[in-house]
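Both ligands and their constituent atoms are indexed starting at 1 by order of listing. Computed over heavy atoms, backbone and side chain alike; hydrogens, waters and symmetry mates excluded.
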Amino acid sequence: MKFIHLADLHLGKIIYQNNLIDIQEDLLNQVIDYMNDQDIDVLVIAGDIYDRAVASRESITLLNTFLSKLILKYHKKVLMITGNHDSSERLNFATSLLVDQGLYIVCYPEKEIKPIIIEGVYFYLVPFFKPSYIRYLYENDDLKTYQDAFAYYLNQQTFVEDHSKVLVTHQFIAGNKEVVRSESEVILSVGGSEIIDVDLCKGFDYVALGHIHASQKIKYDYVRYAGSLMKYSFDEVNQVKGMVEVTIDEKGVCSKIIPLKPKRDLIKLTGKYEAVLHYPNNENDFIAVELLDKQMIGHGYERLKEKYPHLLQLTYKKLDIKGENHTASSLDMDKNSPLDIFKEFYEKMKGEEMDSKSQEIIEELLEEDALYDAH
Ligand SMILES: [Mn+2]
C-alpha cells in the first residue's frame, strides 16, 4: 500500500504580519491532486494541524474544505493526530463525525490504542502528550520525563505481530545525531528534557513523525519527520518542503519526499546592496535580505522594498558598529537565569524595568512550564 505522510501544516500561520492561508490552501490542493493522480488513498497527518490552539476562522474553513474534498468527494481516508500547537478540545469535537466515511482524528492518547487497519497495515495513532497526561491516565506518579512517559505508554500497548505496523506521533523523537531544528518550532521544555530516544520506536515498519520542521530521517530509514508544509522561518530557506510518500509492500518499506511548490516562497538574498538591488527574479517571494556592506545604507529598506514588495527582513552581516550592540544576540544567554534573560529582553523592548507584579507573573509562568502552553 501507499500513503502520504504530512505534518506541521500550521494552518493560519502568520509571518511578519502576512497571513499564509492562501499559500497553504494552494499547497493542500497540490496534495489532493497528487493523491488523485497517483491513486493514493490514505493521508496521515502527524500533528500541528493548526498554528494556534484558538484557530482562526479561515484556517478552520480551510481544514474543513480540505477534509471534505478528500473524504466526501474523493473517498480517501485521513488519519490525524494533534500536535503541541493544536487544542485537543477543539479538534476533538469532529472525531466521531466522519468515522464511517474514513476520517480518524485522535486528540488524546487512548489507554489502549485502537489501531486503524487499512489494507492489512495497522496504524497506531499517538497524539502529542506531556508526561503529566500519562501520569493521570495510568495513575502513575513515577513518570517524570517525556522519555519515561513515552516508554511506559508504548509498554502498556499490545502491538500486532504478524502485520505491518505504522506509528504516528508528534513527540520529539531523536537519535544520536543532531536533529536539524528551526526557529519556527516551539521548544517544549527547557534543557532538552522533551527528547525521546528513537530506539523506543523500534519494531515498527514506519514511524510517521511530526514536530520538527525540517524533513529528515532519524537514525533509521523508516523513522521520518515529514517536515512542515512550507518554510515558516528564514532559517528554513534551504530545506526541501513537501509530503512524504510511503510505500509498504512485500519488499519492505520505502519513503521519498515529494516537493510542493508554494505560490510565494521564503527566500534569503545575501550580497552587497547594489548587487542585491539588481538580482533577477524573486519579486513575488517573501524576502530576507542580508547585506554584506559595512555601512548602513540610507533608505536601503525602502529602496529594496520597491524591488521586492514582500521584503520582510533586512539585516547587515558585517556592520562596523562602534559602541554597544543592541541586538537580541548580545544578550548573555549563558550566564543568566531564564528570568534574568526575560528581564533584560523586557528592558530592551520597553525601555523600562519590569515592575514587581509583572515579574511575579513571569516567575509563575516559568515555574509552571506554562510558557509552552501559551503557544
Ligand atoms: Mn510544528
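A side-chain contact (heavy atoms from CB on, under 4.5 Å) with Leu260 is found for exactly one of Met243, Met230, Lys241, namely Met243.
Taking the side chain to side chain contact (heavy atoms under 4.5 Å, CB included) definition, one finds that Ile15 meets it with Lys13, Leu20, Leu266, Phe286, Leu312, sequence neighbours left out. Residues satisfying the side chain to side chain contact (heavy atoms under 4.5 Å, CB included) criterion with Lys144, sequence neighbours excluded, are Asp148.
The aromatic rings of Tyr122 and His163 are tilted relative to each other, their planes meeting at an angle between 30° and 60°.
Taking the six-membered ring for Trp, Phe123 and Phe3 have ring centres closer than 6.0 Å.
Counting only distances under 2.8 Å, and ignoring water, the protein N, O or S atoms around the Mn ion (ligand 1) are Asp8 OD1, His10 NE2, Asp48 OD2, His213 NE2.
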Show which side-chain atoms of residues 31-38 pair as donor or acceptor with protein atoms under 3.5 Å away, not counting sequence neighbours.
from: Tyr34; atom 1: OH; to: Glu245; atom 2: OE1; distance (Å): 2.3
from: Asn36; atom 1: OD1; to: Lys76; atom 2: NZ; distance (Å): 3.4

